[in-house]
Enquirer: 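Once you've had a glance at the structure underneath, I'll fire off some questions.
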Amino acid sequence: MTEGVKLHGHVEAINWNRIQDEKDVEVWNRLVNNFWIPEKIPLSNDVQSWNTLTQEEQTLTMRVFTGLTLLDTLQGTVGAVSLIPDSITQHEEAVYTNIAFMESVHAKSYSSIFSTLCSSKEIDEAFRWSLENENLQKKAQIVESYYHGDDPLKKKVASTLLESFLFYSGFYLPMYWSSRAKLTNTADLIRLIIRDEAVHGYYIGYKYQKGLEKLSEERRAELKEYTFELMYELYENEVQYTHDLYDGVGLSEDVKKFLHYNANKALMNLGYEAMFPSSVTDVNPSILSALSPNADENHDFFSGSGSSYVIGKAVNTEDEDWDF
Amino acid sequence: MPDAATTTSSRLIYFSSASGNTARFVEKLGAEAARIPLYARDPELTAQEPFVLLLPTYGGEEGKHSIPPQVLRFLKQEQNRKNLRGVIGAGNTNFGTAYCLAARKISAKCDVPLLYRFELMGTPDDVHNVSQGLEEFWKHLSRSRP
Ligand SMILES: Cc1cc2nc3c(=O)[nH]c(=O)nc-3n(C[C@H](O)[C@H](O)[C@H](O)COP(=O)(O)O)c2cc1C
Ligand SMILES: [Fe+2]
Ligand SMILES: [Fe+2]
């Protein structure tokens with residue numbers, strides 16, 4: 001993997017007291033505060049719940065998790081690392097090393113889930129499926145080909161689409177189980193991953209937009225076109241992958257809405273407008289509230305509450321430095 | 001744009017960090033709006049008219065300190081709190097229970113309604129809803145509080 005990694009002529013010691021981009025420090029701090037390991041989550045409490053799933057549901061769940069393992073492995077060992085040589089600041093390099101490490105934690109946490117819930121024979125079978133599934137392999141290959149390319153901004157686009165879009169065909173399922181009060185500890189763990197991916201996608205997308213600022217109008221237009229082309233290519237593949245996984249349990253259409261919704265967010269992380277209209281992004285409310293427990297509260301100006309408005313529901317306001 | 005000016009009569013006051021998602025949303029709204037300054041060395045902003053506050057959440061550990069310090073500094077001015085009529089939150093549902101937490105906290109602390117929430121730079125639907133919602137909101141307020 002040494003090809004593509006440029007070595008600097010000399011190595012300079014990182015000085016965190018001279019900051020060129022305050023986002024580096026902000027994101028670094030947030031990532032450090034977010035640090036977690038799967039051992040902190042009582043996954044074994046899900047064993048009983050796991051046994052209530054049908055054989056087909058168990059197989060589906062394992063396949064989904066091997067798929068997610070593959071993506072986190074790719075992002076941890078190749079993706080985030082490939083961004084390091086293109087860093088503009090040393091602090092940016094440090095953030096990528098943090099991201100790469102957390103991807104390895106994510107990849108390992110799926111193994112914790114497996115070893116808690118399944119037999120090793122079942123685990124091996126699920127990994128074999130992921131090795132043989134064309135659409136899963138294709139999505140990894142598409143992204144990886146850009147990681148080995150030499151365009152720093154295209155790498156960031158591929159990376160942001162992976163962080164903010166490609167995981168969600170998989171993330172759907174633990175949110176679905178959680179909404180039915182199943183595998184709730186597993187869902188807690190996945191929610192930690194989902195939160196991490198939001199910061200990763202935000203940061204890489206932000207650095208992409210910083211990079212765009214210095215380019216000609218023409219180059220910017222070219223990169224935008226490239227982004228949407230890559231999005232379409234990945235999207236078509238995701239749809240196939242979704243059918244492979246979810247047709248058996250009849251959830252494919254529901255999953256696709258979740259894909260559209262997240263595709264829009266991935267594009268926004270890159271500074272582009274949403275691509276899917278609201279008619280196809282109406283994610284099942286139970287999935288949305290599994291993701292964010294108060295996201296379905298109604299705060300739509302007047303609607304739902306006549307002419308009165310809704311004050312934010314009970315939240316702890318004591319942990320802010322109000323000063324008034 | 002009230003650059004050097006320290007006072008504003010804008011009906012919409014917002015904060016947006018260097019990533020500029022919220023600023024982009026405001027641009028799409030096309031409404032006159034004032035931005036809370038990013039740096040402590042910038043002059044403070046004071047609202048002279050009733051306004052709605054739009055802000056993103058930057059959550060810390062377990063949701064602590066999720067209101068950007070620039071916004072806390074802005075709210076420290078009594079006149080700004082007096083003129084505050086409502087809050088709109090920007091955020092990302094990936095943050096789970098902390099989704100738009102900063103806006104929720106301000107709504108609860110200052111006893112003003114949380115009018116709307118959206119993610120990142122907002123979809124065309126969000127732009128439409130906020131644009132219409134704000135218009136109705138001000139109409140409604142002028143009727144009920146002459
Ligand atoms: C480090 C970090 C922490 C964040 N924390 C939260 C959060 O707790 N809740 C939330 O809803 N959004 C959170 N967000 C998402 C931001 O609120 C969102 O990206 C917003 O669009 C940023 O607005 P701006 O670009 O105008 O600053 C966070 C983003 C980052 C980078
Ligand atoms: Fe990850
Ligand atoms: Fe990630």
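This is a predicted model, so every value here is computed, not measured. Note on naming: letters A, B, ... go to the chains in the order of the sequence lines (proteins, then strands), and numbering restarts at 1 for each one.
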Enquirer: Given the rule in the side chain to side chain donor-acceptor pair (under 3.5 Å) test, do A/Glu103 and A/His200 qualify, once you have shown the distances and angles that lead to the verdict?
Expert: CA-CA 10 Å; A/Glu103 305 300 7; A/His200 299 171; 3.0 Å; yes

Enquirer: Using non-hydrogen atoms only, which part of A/Tyr168 is less than 4.5 Å away from chain B: side chain, backbone, both, or neither?
Expert: side chain

Enquirer: If you count heavy atoms of other groups shown closer than 6.0 angstrom to CZ of A/Phe35, is the number above 12?
Expert: yes

Enquirer: Of the listed residues (B/Thr123, B/Leu134, B/Val87), which shares the most heavy-atom pairs with chain A below a 4.5 Å separation?
Expert: B/Leu134

Enquirer: Could you verify whether a donor N or O on one side chain and an acceptor N or O on the other, from A/Tyr96 and A/Ser159, lie under 3.5 Å apart?
Expert: no

Enquirer: Answer with side chain, backbone, both or neither: which region of A/Lys265 has an atom nearer than 4.5 Å to a non-hydrogen atom of chain B?
Expert: both

Enquirer: Most heavy-atom pairs under 4.5 angstrom with chain A, which of B/Gly20, B/Gly122, B/Pro124?
Expert: B/Gly122

Enquirer: Under a 4.5 Å cutoff for heavy-atom pairs, which residue among A/Glu273, A/Arg191, A/Glu26, A/Lys210 has the most contacts with chain B?
Expert: A/Glu273

Enquirer: What part of B/Arg81 is in contact with chain A, defined as an atom under 4.5 angstrom from a non-hydrogen atom: side chain, backbone, both or neither?
Expert: side chain

Enquirer: Have B/Ser19 and A/Tyr202 got a donor and an acceptor in their side chains that come within less than 3.5 Å?
Expert: yes

Enquirer: Heavy-atom distance under 4.5 Å to chain A: side chain of B/Arg117, backbone, both or neither?
Expert: both

Enquirer: Strictly below 4.0 Å, N to O, side chains only: are A/Asp321 and B/Lys76 in salt-bridge contact?
Expert: no

Enquirer: Examine whether an atom of B/Leu101 lies under 4.5 Å from a heavy atom of chain A, and if so say whether it belongs to the side chain, the backbone or both; otherwise answer neither.
Expert: side chain

Enquirer: Between chain B and each of A/Ser278, A/Pro277, A/Ala290, count heavy-atom pairs under 4.5 Å; write down the option with the most.
Expert: A/Ser278

Enquirer: Tell me which of these, B/Val130, B/Ile88, B/Asn21, has more heavy-atom pairs under 4.5 Å with chain A than the rest.
Expert: B/Val130

Enquirer: Under a 3.5 Å threshold, yes or no: a donor from one side chain and an acceptor from the other, between B/Gln79 and B/Thr46?
Expert: no

Enquirer: How about B/Ser17 and B/Tyr58: does a side-chain donor come under 3.5 Å of a side-chain acceptor?
Expert: yes

